[in-house]
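One structure is given below, encoded as structure tokens.
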Protein chains: 2
Amino acid sequence: MSARPTSKPRARRQISEARPYHHGDLRRVLIDAALQLASEGAEVSVREAARRAAVSPGAPFRHFPNRDALMAAAAGEAQRRFRTEIEAALAEAPAADPLLRFRAFGLAYLRWAMRNPAHFEIISTGRYFAHGSSAELTRDNAELIALTEQMLADAAAQGLLRSADLKGIQIAGRALVYGFARMNLDGHFPRWGVEEGEIERMAEAVIDLFIAGIAKR
Amino acid sequence: MSARPTSKPRARRQISEARPYHHGDLRRVLIDAALQLASEGAEVSVREAARRAAVSPGAPFRHFPNRDALMAAAAGEAQRRFRTEIEAALAEAPAADPLLRFRAFGLAYLRWAMRNPAHFEIISTGRYFAHGSSAELTRDNAELIALTEQMLADAAAQGLLRSADLKGIQIAGRALVYGFARMNLDGHFPRWGVEEGEIERMAEAVIDLFIAGIAKR
DNA sequence: CCCAAATGTAATCAATGATTACATAAAGAG
DNA sequence: CTCTTTATGTAATCATTGATTACATTTGGG
């Protein structure tokens, strides 16, 4: 799947021409263009992606059956980056304290969402493609959720939690970070956008407030 | 073009003809059509709204300079209904207990959002129109926020809160309900959609969990 | 009564998602 | 190496949509 049989360029006609007939890896370039467009705040259109790839308007449809499929692929790529960042943060968090790990998860989540709002929107919104359409994305997301469930279960086992309603805590936690991230990209933090660090500090405060709320003391 | 219509029925011109040249109140009808379309899950297009109003595709632009303006007007209408419901709920809540009022606010918020997801999206998303474009909507929203701030301030004054970080609590509360509402309409509650009451019960549980988290005990 | 403003229609444009017929490059069989 | 097959890109085209412009009709004030 991943390894293309990198063939040796036997016919090197493309060097002489400014634009060879066959694009190197159009699929990847289109995905990157879509992510790029999204992060510029622009409408993501198939044609504009094709334009950026210097390719005809119909070419993308050789790689994606429709616009949604392109967006789903872009979402998959974004999700992969998101997950990488989460896991990196968890790798640095102390293995012993589930609540600290929970906190690290939430911080990494919000930090990525603050810094890549358009990518976060593509992943989360279900507006670009039907959410069930990408099995990979669904599975990937389910694994992240399972991670947090495990942390909460560990915390409960260690007697760190005030309430036994783990499901409720988990939903509330998800809603909290999701809501904060979406409020940011939906423009509900009007004046905070100016100073960059302010919003991330607020995110940290909100997460700490939540953890303090669920922790036994 | 033989018989001229009757002399001067000031307000009742549309009764005789099947479709009079002038629509009764096209502006209102277009707004309703837009809301109707949204709640059907369809794409809201100016043309479709015009189609539903049995009017030419260009007619809406006599009432709204562009699509965004129509959506902003629809959002204004939706927000009015939202606020009406919130205030009705607050009117029934006990005046003395700020935390109970806070809870009633959250419940009414989520209940409305669960039952009118498309309307909630139009209000919140900033995707149909620039959020600052409708001063009325901005002011209206600010007043609702001020309401919750007042409740929290009252609660703090009565010594009901565990933390003194009112701003943090307020943002967290907003993020919580906003996130829950958006998770619902973004399709993050996959299997819950089937049974109607389940999701509202979960909403209540989440709100209670939050209130328990911020309350002194 | 008449005219000006408001409001609707018809025609038209540019952009977009999508499809189809055709062109060209790449890969493999012989 | 040559020939065929398949993957991939182009060109042309279509329907839909937001938007604009010229024109038509109604309404209401002077």
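Only this structure's heavy atoms are used, side chains among them; waters, hydrogens and symmetry mates stay out. These figures come from a predicted structure and were not determined experimentally. Naming: A, B, ... by sequence-line order, numbering from 1 per chain.
Taking atom CG of residue A:Leu37 and atom C1' of nucleotide C:dT16, one finds them 14 Å apart after rounding to whole Å. In this structure, B:Leu30 places its CG atom 12 Å from P of C:dT7, rounding to the nearest Å. Regarding B:Phe61, its CZ atom lies at a distance of 17 Å from the P atom of D:dA22, rounded to whole Å. The CG-P distance, from A:Asn66 to C:dT20, rounds to 14 Å in whole Å. When the C1' atom of C:dG8 is taken as reference, atom CZ of B:Arg51 falls 17 Å away, rounded to whole Å. When rounded to the nearest whole Å, the span between CE of A:Met71 and P of C:dG17 equals 10 Å. Residue B:Arg47 contributes atom CZ, which lies 15 Å from atom P of C:dA14 at whole-angstrom precision. With rounding to whole Å, A:Phe64 atom CZ is found 17 Å from D:dA7 atom P.
Smallest separation of non-hydrogen atoms from A:Gln170 and A:Thr148: NE2-OG1, 3.1 Å.
Using a distance-only test at 3.5 Å, with no hydrogens or angles considered, no donor-acceptor pair links the side chain of B:Thr125 to the main chain of B:Ile122. Under a 3.5 Å cut-off, the side chain of B:Asn66 and the backbone N or O of B:Ala69 do form a donor-acceptor pair.
Both A:Pro57 and B:Pro57 lie near DNA chain C, and the one whose nearest nucleotide falls closer to the 5' end is B:Pro57. A residue-by-residue look at B:Arg67 and B:Arg62 shows that B:Arg67 has its nearest nucleotide of DNA chain D further toward the 5' end.
At its two ends the helix from C:dC1-D:dG30 to C:dG30-D:dC1 runs along axes set 10° apart, each axis drawn from five pairs and the angle rounded to 10°.
Listed by chain and number, the residues in a ring-ring contact (aromatic ring centres under 6.0 Å, His included) with B:Tyr109 are B:Phe82, B:Phe120 (sequence neighbours excluded). Partners of A:His188 by ring-ring contact (aromatic ring centres under 6.0 Å, His included), not counting sequence neighbours, listed by chain and number: B:His131, B:Tyr178.
For an aromatic pair to be called close, the ring centres must be under 6.0 Å apart, and B:Phe189 with B:Phe180 satisfies this.
In terms of phosphate contacts, A:His63 brings a side-chain nitrogen or oxygen within less than 4.0 Å of OP1 or OP2 of D:dG9.
Residue-environment remark: CD (A:Glu40) exceeds the threshold of 12 foreign heavy atoms within 6.0 Å.
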